[in-house]
Amino acid sequence: MAIICKSPAEVEKMHRAGLVVWDVLSSLRGMVAPGVSTMDLEKFAERRTAEHRARAAFKGYRGFPCVLCTSVNNEIVHGIPSAARKLKDGDIVSLDYGVQLNGYYGDAAVTVPVGKISPELEKLLRVTRESLDRAIAQVRLGNRLSDISHAVQSWVEENGFSVVREFVGHGIGTVMHEELQVPNYGAPGHGPRLQEGMTLAIEPMVNMGRPAVRVLDDNWTAVTADGSYSAHFEHTVAVTSNGPLILTRPKEVSGASW
Ligand code: MG
């Protein structure tokens, strides 16, 4: 397994890419409202990506048609934006977005409530975000990779939800998906030790019901097999001697990951 450790200068470049991701996702979060279509979000993301002179990482990746993945309600990941998909009060929408800037990638995701959502959905979003927070807290020198995975799974299952197995986090750098996989499940204490300069996209995908996944006929949209709602939060994170450094947000932002 090739683990590519980045120099501080490379981590800095990844942070610059990550700040574009943060800017776009932060703006999109503010746009989410009943009546907005997922294509409206795509159009904004496309325009803002160009303003940053970045290259959208997803468009064209294995033929994906858009710069943004928009996954609504029972859709887990890889939903394709559509003018016909207007968001409704009580929906949740996961926004997954990545860029390449000066040769380096950033990748992040956030699930956003549309209008007023049910207490159960509020809990799903909170627990998924907290599972990412807990995973990021494990990004420390000397810890093992599966300590991250275990932090996600244990928190999610303690709260009565389930983690998706078919899609995992990943190493990231000058390519979007480096070989290293970061599952959201597993016993602690396994896998490679975390080393300075490792850069990981950590991305819990959490289902309210069972973990099983089905892919729609568009060959992209992954939905829960049981129709239950699903949430997705992600950050690109670097291992540093000072602990985890979240690359897909500004350094001055602290506290909860999203
Ligand atoms: Mg990712």
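In listed order, ligands and their atoms are each counted from 1.
Between Lys6 and Glu196 no salt bridge is recorded (no basic side-chain N to carboxylate O distance below 4.0 Å).
Atom NE2 of His15 is separated from atom CG of Leu101 by 12.5 Å, given to the nearest 0.5 angstrom. In this structure, CG on Asn74 lies 9.0 Å from CG on Asp226, to the nearest 0.5 angstrom.
The set of protein atoms (N, O or S) found at less than 2.8 Å from the Mg ion (ligand 1) reads Asp107 OD2, His170 NE2, Glu203 OE2, Glu234 OE2, by chain and number.
Lys13 is linked by a salt bridge (charged side-chain N to carboxylate O under 4.0 Å, His left out) to nothing, counting only residues two or more places apart in sequence or in another chain.
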Exercise answer: donor-acceptor pairs, residues 200-212 side-chain atoms, under 3.5 Å, sequence neighbours excluded:
residue: Glu203; atom: OE1; partner: His232; partner atom: NE2; Å: 2.9
residue: Glu203; atom: OE2; partner: His170; partner atom: NE2; Å: 3.2
residue: Asn207; atom: OD1; partner: Ser230; partner atom: OG; Å: 2.7
residue: Asn207; atom: ND2; partner: Arg210; partner atom: O; Å: 3.1
residue: Asn207; atom: ND2; partner: Pro211; partner atom: O; Å: 3.4

Side-chain donor-acceptor contacts of residues 251-258 below 3.5 Å, not counting sequence neighbours, with atom names and distances?
residue: Ser257; atom: OG; partner: Asp133; partner atom: OD1; Å: 2.4
residue: Trp258; atom: NE1; partner: Ala109; partner atom: O; Å: 3.1
residue: Trp258; atom: NE1; partner: Glu234; partner atom: O; Å: 3.1
residue: Trp258; atom: NE1; partner: His235; partner atom: NE2; Å: 3.2

